Colleague: 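To start, I am sharing the structure in question, which I have written as structure tokens.
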Amino acid sequence: QVQLVESGGGLVQAGGSLRLSCAASGRTFSSYAMGWFRQAPGKEREFVAAISWSGGSTYYADSVKGRFTISRDNAKNTVYLQMNSLKPEDTAVYYCAASQSAYGSSWYTPPYYGMDYWGKGTLVTVSS
């Protein structure tokens with residue numbers, strides 16, 4: 001069992017930055033690939049970024065590539081999402097998730113997106 005708790009959301013002006021954190025419980029954190037997803041009001045949840053078990057591989061949605069960076073610290077059981085050059089369209093609830101499966105097409109497939117565990121989310125609001 002893995003429990004995930006996100007933090008770091010808030011209100012920021014367009015062009016600003018935020019860093020989200022996701023703290024995981026359990027001693028098997030390093031065996032999970034980790035992902036960030038987001039859901040804007042009235043829209044479907046969507047993939048944002050993924051990182052492999054070791055942190056050696058990362059993947060991004062085209063909409064955030066070059067602006068967002070995912071990283072993890074297995075010693076601290078934490079995964080991060082650094083978000084720069086934020087845009088109003090980045091406004092959403094951001095969810096951290098853990099998967100025993102490697103990144104792949106299932107990560108784009110609702111309703112579970114290939115994830116085994118989800119956090120409750122943190123709200124990011126970007127004002128114009």
Side-chain angles (χ1 to χ4, degrees):
Q1 188 81 4
V2 176
Q3 292 185 327
L4 304 171
V5 179
E6 303 95 336
S7 62
L11 174 65
V12 63
Q13 287 189 330
S17 298
L18 280 176
R19 189 175 84 152
L20 305 184
S21 299
C22 173
S25 66
R27 289 176 286 181
T28 59
F29 173 74
S30 60
S31 66
Y32 288 87
M34 299 297 295
W36 286 97
F37 295 76
R38 67 186 181 187
Q39 188 166 17
K43 294 189 176 181
E44 217 170 57
R45 191 169 297 190
E46 63 175 359
F47 167 79
V48 173
I51 189 165
S52 62
W53 304 275
S54 66
S57 297
T58 56
Y59 311 89
Y60 298 93
D62 287 344
S63 59
V64 307
K65 204 171 292 183
R67 300 188 297 122
F68 290 11
T69 302
I70 188 172
S71 60
R72 67 189 296 163
D73 185 337
N74 286 342
K76 294 183 178 179
N77 280 13
T78 302
V79 62
Y80 306 97
L81 186 68
Q82 177 67 44
M83 306 186 295
N84 298 329
S85 301
L86 282 161
K87 304 175 181 179
E89 51 263 46
D90 294 319
T91 294
V93 176
Y94 283 71
Y95 297 91
C96 172
S99 177
Q100 291 186 308
S101 301
Y103 168 80
S105 59
S106 64
W107 289 52
Y108 295 86
T109 307
Y112 302 114
Y113 300 87
M115 299 295 108
D116 298 295
Y117 302 100
W118 291 89
K120 293 185 177 180
T122 185
L123 176 63
V124 171
T125 304
V126 184
S127 63
S128 57

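Only a predicted model underlies this, so the values are computations on that prediction, with no experimental measurement involved.
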Colleague: Are Leu18 and Val93 in one and the same hydrophobic cluster, where Ile, Leu, Val, Met, Phe, Trp and Tyr link if side-chain heavy atoms are under 4.5 Å apart?
Modeller: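 Hydrophobic grouping puts Leu18 apart from Val93.
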
Colleague: Hey, does Ile51 have a side-chain heavy atom less than 4.5 Å from the side chain of Tyr103?
Modeller: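 Heavy-atom side-chain distance check fails, nothing below 4.5 Å.
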
Colleague: Between Thr122 (side chain) and Tyr94 (backbone), is there a donor-acceptor pair under 3.5 Å?
Modeller: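 Pair absent, no side-chain N/O of Thr122 close to backbone of Tyr94.
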
Colleague: Answer yes or no: is there a side-chain heavy-atom contact under 4.5 Å between Ser63 and Arg38?
Modeller: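 A side-chain contact exists here, since the closest heavy-atom pair is under 4.5 Å.
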
Colleague: Are Met115 and Met34 connected, step by step, through hydrophobic side chains (Ile, Leu, Val, Met, Phe, Trp, Tyr) whose heavy atoms are closer than 4.5 Å?
Modeller: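 Each belongs to a different hydrophobic cluster.
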
Colleague: If you look at every heavy atom in Pro88 and Ser128, which pair is closest and at what distance?
Modeller: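 Heavy atoms of Pro88 and Ser128 come nearest at CG-CB, 3.8 Å.
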
Colleague: What's the shortest heavy-atom distance between Ser17 and Asn84, and which atoms?
Modeller: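 Residues Ser17 and Asn84, closest heavy atoms: OG-OD1, 2.9 Å.
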
Colleague: Locate the shortest heavy-atom distance separating Val48 from Val64; write the atom from each residue and the value.
Modeller: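 Here Val48 and Val64 meet closest at O-CG2, 3.6 Å.
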
Colleague: Is there a side-chain contact between Ser99 and Trp107 in this structure, where contact means two heavy atoms from C-beta onward sitting under 4.5 Å apart?
Modeller: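 When only atoms from C-beta onward are counted, Trp107 and Ser99 do touch, with a gap below 4.5 Å.
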
Colleague: Let me confirm one number: the CG-OG distance from Asp73 to Ser30, rounded to the nearest 0.5 Å.
Modeller: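 If we round to the nearest 0.5 Å, Asp73:CG and Ser30:OG are 11.5 Å apart.
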
Colleague: Roughly how far, to the nearest 0.5 Å, is the CG atom of Leu20 from the CD atom of Gln82?
Modeller: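 Interatomic distance, Gln82 CD to Leu20 CG, rounded to 0.5 Å: 9.0 Å.
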
Colleague: Please check: side-chain N/O of Trp53 versus main-chain N/O of Ser31, any donor-acceptor pairing under 3.5 Å?
Modeller: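 Side chain of Trp53 to backbone of Ser31, a donor-acceptor pair under 3.5 Å: yes, one is there.
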
Colleague: To the nearest 0.5 angstrom, please state how far the CD atom of Glu46 sits from the CZ atom of Phe37.
Modeller: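 Here the rounded value is 10.0 Å.
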
Colleague: Answer whether the closest heavy-atom distance between the side chains of Asn74 and Phe29 falls below 4.5 Å.
Modeller: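 Yes, close enough: below the 4.5 Å cut-off.
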
Colleague: Can you tell me how far the CG atom of Leu81 sits from the OG atom of Ser71, to the nearest 0.5 Å?
Modeller: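 Between atom CG of Leu81 and atom OG of Ser71 there are 8.5 Å.
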
Colleague: Can you classify the ring geometry of Tyr108 versus Phe47 as parallel (below 30°), tilted (30 to 60°) or perpendicular (above 60°)?
Modeller: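 Rings of Tyr108 and Phe47: tilted, 30 to 60°.
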
Colleague: So, does Arg72 use its side chain to make a donor-acceptor pair with the main chain of Ser52 at under 3.5 Å?
Modeller: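 Such a contact is found between Arg72 side chain and Ser52 backbone.
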
Colleague: Got a second to check how far Leu123's CG is from Leu11's CG, nearest 0.5 Å?
Modeller: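 Those atoms lie 9.0 Å apart.
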
Colleague: Taking CD in Glu89 as the centre, count heavy atoms belonging to other residues, nucleotides or ligands within less than 6.0 Å. Is the count above 12?
Modeller: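 Yes, CD of Glu89 has more than 12 neighbouring heavy atoms, counting only those of other groups under 6.0 Å.
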
Colleague: Verify the neighbour count for atom NZ of Lys65: are there more than 12 heavy atoms of other residues, nucleotides or ligands below 6.0 Å?
Modeller: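 Yes.
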
Colleague: Distance from Arg45 atom CZ to Tyr112 atom OH, nearest 0.5 Å?
Modeller: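 Between Arg45 CZ and Tyr112 OH, I get 11.5 Å after rounding to 0.5 Å.
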
Colleague: Using side-chain heavy atoms (C-beta onward) and a distance below 4.5 Å, is Met83 in contact with Trp36?
Modeller: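 No; the side chains remain at least 4.5 Å from each other.
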
Colleague: Using the rule given for salt bridge (charged side-chain N to carboxylate O under 4.0 Å, His left out), can you reason through Lys87 versus Asp90, listing the C-alpha separation, both sets of side-chain angles and the distance that settles it, and then say yes or no?
Modeller: CA-CA 5 Å; Lys87 304 175 181 179; Asp90 294 319; over 6 Å; no

Colleague: Quick one: do Glu6 and Lys120 make a salt bridge, cutoff under 4.0 Å?
Modeller: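 Judged by the 4.0 Å cut-off on N to carboxylate O distance, Glu6 and Lys120 do not form a salt bridge.
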
Colleague: Between Ala50 and Ile70, which heavy-atom pair has the shortest distance, and what is it?
Modeller: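 In this case the closest contact between Ala50 and Ile70 is O-CG2, 3.5 Å.
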
Colleague: Compute the ring centroids of Tyr113 and Tyr95, then answer whether they are less than 6.0 Å apart.
Modeller: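 No.
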
